Amino acid sequence: LRTVLCDLLGITYPIIQGGMAWVATGELAAAVSAAGGLGIIGAGNAPPETVRREIHKVREQTDRPFGVNIYYMSPYVEELIDLVCAEKVPVVTTGAGNPGKHLPRLKAAGVKVIPVVASVALAKRLERLGVDALVAEGMECGGHIGEIATIPLVPQIVDAVHIPVIAAGGIADGRGLAAALALGAAGVQMGTRFICAEECTVHPNYKEAVLKAGDRDAVVTGMPGHYVRVLKNKLTRQFEELAARGASWEEMDRLGTGKLRAAVVEGDVEYGSLMAGQSAALVREIKPAAAIIEEIMAEAEAIISRLGTLVR
Ligand SMILES: O=C(O)COc1ccc(-c2c[nH]c(CNC(=O)Nc3ncc(Sc4ccccn4)s3)n2)cc1
């Protein structure tokens, strides 16, 4: 099962691991890339020297393509663009902002640029600016969410652009990959599923919380324009109280700051921000990244061949 995405990025399987802040370190990205997917380092708000160390970790482990996700609310965006161009990072994904102004430099450095978008308008704007592909992220995803679910969003973006579209949001197994291909996507990006990869370096408590999550535990907190999907815990109840009394964005932001780190590094599952998507309830086991990818590919191929017989 190969798609245009495999040819565009030089990867074996059309599976991208999301560049989650604090979660997607070099260890995880290297394991996913070595297994034939595209591993991505999550730069988050980290300074360039930290990201450079993660890039070198990946390069020590594999020659396969990998990427860096640049979070456009980071104070280090300019330095990170310099870094990925200097390091000739094969792929850059971007989140929470518009990478348009950096495209000329990234393209000149031979970097493939794949922005994450949650709307058709932004998808069209970015295609016109010359990006190589797009991740269409439905609101089932973990972390900051848009307003449109994956099944309606992906085909609308597929219809609106001529570049490859990668489906994200609520996908964690071969059924999700088969569904994404049926929607016209050229591959999938998964975040929550890879939190429970053996090589992911988050605190075991965080992984445990994902394994235990049920269908209704990945709840939306925050306020209009700033919604974030996380696993229900004492922190989400504090956000609910703030929302109930009409707190300002600043108050919400103060409550949320440092909480993702608390969950990832200290394993604080009570008051940390356990960012995860609605697919958490589908993640039942911690496995090596290679096993996760192999299992998803086998399941998707079986479904697609069965669909063939059904249709025939
Ligand atoms: O219109 C424009 O100019 C650009 O507007 C945009 C608005 C939204 C997006 C967008 C949607 N989805 C994404 C990618 N998803 C995400 O970025 N998801 C995130 N989850 C949790 C985050 S919290 C965080 C991050 C770093 C450090 C610490 N905490 S970021 N980006 C992209 C562009």
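Note that this is a predicted model, so its numbers are computed, not measured. All ligand and atom numbering here is 1-based and tracks the order in the structure. We use all heavy atoms of the structure for the numbers below, so side chains are in, but hydrogens, waters and symmetry mates are not.
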inquiry  = Any nitrogen or oxygen of His144, side chain or backbone, less than 3.5 Å from one on ligand 1?
reply    = yes
remark   = Minimal heavy-atom distance between Pro65 and Leu9, with the atoms involved, is CG-O, 3.3 Å
ask   = Do the charged groups of Asp268 and Lys259 touch, with an N to O distance under 4.0 Å?
value = no
Glu295 and Lys287 ion-paired at < 4.0 Å = yes
key: Parallel, tilted or perpendicular: rings of His102 and Tyr72 (30°, 60°)   = tilted
key: Heteroatom proximity flag, Trp22 to ligand 1, N/O under 3.5 Å   = no
ask   = Side chain, backbone, both or neither: which part of Leu122 comes within less than 4.0 Å of ligand 1 when only heavy atoms are counted?
value = side chain
inquiry  = Could you check whether any side-chain heavy atom of Leu38 comes within less than 4.5 Å of a side-chain heavy atom of Ile15, counting everything from C-beta outward?
reply    = no
ask   = What part of Met275 sits under 4.0 Å from ligand 1 if we count only heavy atoms: the side chain, the backbone, both or neither?
value = side chain
ask   = Heavy-atom distance to atom 28 (C) of ligand 1: which of Val230, Val264, Asn45, Thr93 wins?
value = Asn45
task = Between Gly169, Gly97, Gly44, flag the one that comes closest to atom 33 (C) of ligand 1 by a heavy atom.
result = Gly97
query = Can a salt bridge be assigned to the pair Glu49 and Arg52 using a cut-off of 4.0 Å between side-chain N and carboxylate O?
reply = no
remark   = heavy-atom search around atom 29 (N) of ligand 1 in the protein gives Leu260 CD2, 3.9 Å
task = Could you check atom 14 (C) of ligand 1 against the protein and tell me its nearest heavy-atom contact, residue, atom and distance included?
result = Val116 CG1, 3.5 Å
Residue and atom name of the nearest protein heavy atom (relative to atom 3 (O) of ligand 1), distance in Å to one decimal = Asn98 CB, 3.5 Å
message = I'd like to know if Glu198 pairs up with Lys207 as an ion pair, taking the criterion as any Lys NZ or Arg NE/NH1/NH2 lying under 4.0 Å from an Asp or Glu carboxylate oxygen.
response = no
query = Are the charged groups of Asp217 and Lys212 less than 4.0 angstrom apart, N to O?
reply = no
inquiry  = Under 4.0 Å, heavy-atom basis, I'd like to know which part of Arg125 is in contact with ligand 1: side chain, backbone, both or neither.
reply    = side chain
ask   = Is at least one protein non-hydrogen atom found at under 4.0 angstrom from atom 16 (C) of ligand 1?
value = no
request  = Determine, stepwise, if the pair Arg229 / Thr221 fulfils side-chain hydrogen bond (donor to acceptor under 3.5 Å, both in side chains).
outcome  = CA-CA 6 Å; Arg229 189 183 298 284; Thr221 64; over 6 Å; no
note = Contact region, Glu137 to ligand 1, non-hydrogen atoms below 4.0 Å, reads side chain
inquiry  = Please check whether Ala96 reaches ligand 1 - meaning an N/O of the residue sits under 3.5 Å from an N/O of the ligand, judged on distance alone.
reply    = yes
message = Using a 4.0 Å cut-off to any heavy atom of Gly143, which atoms of ligand 1 qualify?
response = 20 (N), 21 (C)
key: Interfacing atoms of ligand 1 (cut-off 4.0 Å, heavy-atom, Gly95)   = 14 (C), 31 (N)
